[in-house]
Amino acid sequence: EAQVTQNPRYLITVTGKKLTVTCSQNMNHEYMSWYRQDPGLGLRQIYYSMNVEVTDKGDVPEGYKVSRKEKRNFPLILESPSPNQTSLYFCASSSRGSGRGYTGELFFGEGSRLTVL
Amino acid sequence: SQQGEEDPQALSIQEGENATMNCSYKTSINNLQWYRQNSGRGLVHLILIRSNEREKHSGRLRVTLDTSKKSSSLLITASRAADTASYFCAVNYGGSQGNLIFGKGTKLSVKP
C-alpha cells in the first residue's frame with residue numbers, strides 16, 4: 001500500500017531535549033516536505049527536499065533541521081525544542097512531474113502531534 | 001502572503017444540500033489543488049486543476065478555476081455527514097521550487 005509513515009504519532013517532551021520525527025515513503029517519490037499546522041494559521045512549510053541530498057528552507061525553518069540521505073526518508077530534527085514548536089506536524093511526498101518544480105499531488109502522513117513543555 | 005484564501009472559514013449545512021467553498025490567490029499559477037482533512041488526520045488530495053483548465057469533476061466534486069478573477073471554487077453536491085471535514089486549497093505558483101502554498105481552510109459541517 002502506498003503510504004507516508006511518520007513516527008512518533010504523539011510525543012510530549014521538555015524544552016531543550018533533542019528529538020527526531022521520522023518520515024518514510026514507499027512510492028519512490030523525489031519530492032518530500034515537512035509542514036506544521038497550527039490553529040488559525042493553516043499549514044506552513046518548514047523544509048522541503050527535491051531529491052536526495054537536496055534540501056531547502058520553507059516558510060518557517062527556524063529551530064528545525066532536516067536531512068535527505070536516502071530517497072525514502074526525510075527526518076525532521078528539533079535540536080533544542082521550545083514550547084512554540086508545539087504543533088501538529090505533517091510529512092508529505094510527491095513525484096516530481098515533468099518540467100521545473102513540483103506539479104503533482106501531495107501524499108500526506110497521518111501527522112505527529114508534538115507537545116513541548 | 002502568497003497563501004490562498006478560503007471563504008467561508010466555516011460552513012454548516014444539512015445532508016443533501018450542496019456546499020460551495022471558494023479560494024482566491026494573488027498571482028498567476030501553475031495549478032491549484034484541493035485537499036480534505038478529517039479532524040486531526042493527514043490531508044487527502046481531492047482534485048488538481050491546471051491554469052489552462054476551467055472546470056474539473058470527480059464524483060460529487062466539481063472544481064472551477066477563473067484565472068481572470070484569480071479564484072477557484074469547490075462544489076460538493078448532495079452532501080453527506082461523512083463529508084464533514086476541513087477543505088484546503090493549495091496553490092502552485094510554479095518557479096524553480098514549485099512548492100504548494102496552503103490556505104487556512106474551510107471547516108465544513110454536514111448535519112444528518
Side-chain angles (χ1 to χ4, degrees), chain A residues 2-7 9-10 23 25 27 29-51 54-61 87-114, chain B residues 1-10 21 23-53 56 58 61 63 74 85-107:
Chain A
Q3 58 187 2
V4 178
T5 304
Q6 297 178 225
N7 280 295
R9 295 286 316 281
Y10 302 91
C23 175
Q25 51 93 3
M27 295 167 279
H29 285 165
E30 295 86 358
Y31 181 95
M32 297 185 76
S33 181
W34 276 103
Y35 296 86
R36 60 177 289 175
Q37 185 176 31
D38 302 287
L41 296 177
L43 269 79
R44 294 179 293 167
Q45 190 177 48
I46 304 170
Y47 270 94
Y48 65 96
S49 170
M50 299 293 275
N51 215 325
V54 180
T55 63
D56 209 344
K57 296 177 182 179
D59 296 320
V60 288
S87 186
L88 179 57
Y89 291 88
F90 289 102
C91 179
S93 71
S94 173
S95 58
R96 178 72 188 270
S98 60
R100 297 172 71 202
Y102 159 89
T103 57
E105 67 179 272
L106 279 172
F107 290 80
F108 280 82
E110 284 296 305
S112 296
R113 188 169 291 279
L114 171 65
Chain B
S1 166
Q2 296 276 57
Q3 202 172 35
E5 302 270 347
E6 288 100 338
D7 170 59
Q9 291 185 338
M21 288 157 267
C23 173
S24 59
Y25 55 92
K26 295 278 183 354
T27 63
S28 61
I29 61 172
N30 185 5
N31 66 63
L32 185 145
Q33 303 179 32
W34 285 91
Y35 288 79
R36 165 193 168 126
Q37 183 184 33
N38 286 13
S39 182
R41 305 291 299 276
L43 281 74
V44 175
H45 182 265
L46 296 175
I47 287 186
L48 180 154
I49 187 164
R50 301 185 189 283
S51 59
N52 61 354
E53 297 174 315
K56 283 189 90 167
S58 176
L61 306 181
V63 168
L74 170 67
S86 291
Y87 293 83
F88 294 85
C89 74
V91 184
N92 173 234
Y93 290 103
S96 58
Q97 296 88 12
N99 290 316
L100 280 182
I101 310 295
F102 283 83
K104 296 178 183 178
T106 292
K107 196 166 187 176

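Residue numbers begin at 1 in each chain, while the letters A, B, ... track the order of the sequences.
Only the side chain of B:Gln37 comes within contact range of chain A, with heavy atoms under 4.5 Å apart. Contact of A:Gln45 with chain B is made through the side chain alone, with heavy-atom distances under 4.5 Å. Only the side chain of A:Gln37 comes within contact range of chain B, with heavy atoms under 4.5 Å apart.
For B:Gln9, the CD atom is loosely surrounded, since the number of other residues' heavy atoms within 6.0 Å does not exceed 12. Annotation: B:Lys107, atom NZ; neighbour count of heavy atoms from other residues, nucleotides and ligands within 6.0 Å does not exceed 12. Heavy atoms of other residues, nucleotides or ligands lying less than 6.0 angstrom from CZ of A:Arg44 number more than 12.
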> Given the rule in the side chain to side chain contact (heavy atoms under 4.5 Å, CB included) test, do B:Leu100 and A:Leu106 qualify, once you have shown the distances and angles that lead to the verdict?
Replying inline: CA-CA 9 Å; B:Leu100 280 182; A:Leu106 279 172; 3.6 Å; yes

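With sequence neighbours excluded, no residue forms a side chain to side chain donor-acceptor pair (under 3.5 Å) with A:Gln25. Residues meeting the ring pair (Phe, Tyr, Trp, His ring centres under 6.0 Å) test with A:Tyr35, sequence neighbours left out: A:Phe108, B:Phe102.
B:Leu43 has its side chain within reach of A:Leu43: a pair of non-hydrogen atoms, C-beta onward, lies under 4.5 Å apart.
Taken from CG in B:Asn38 to CD in A:Glu110, the straight-line distance is 9.5 Å, to the nearest 0.5 Å.
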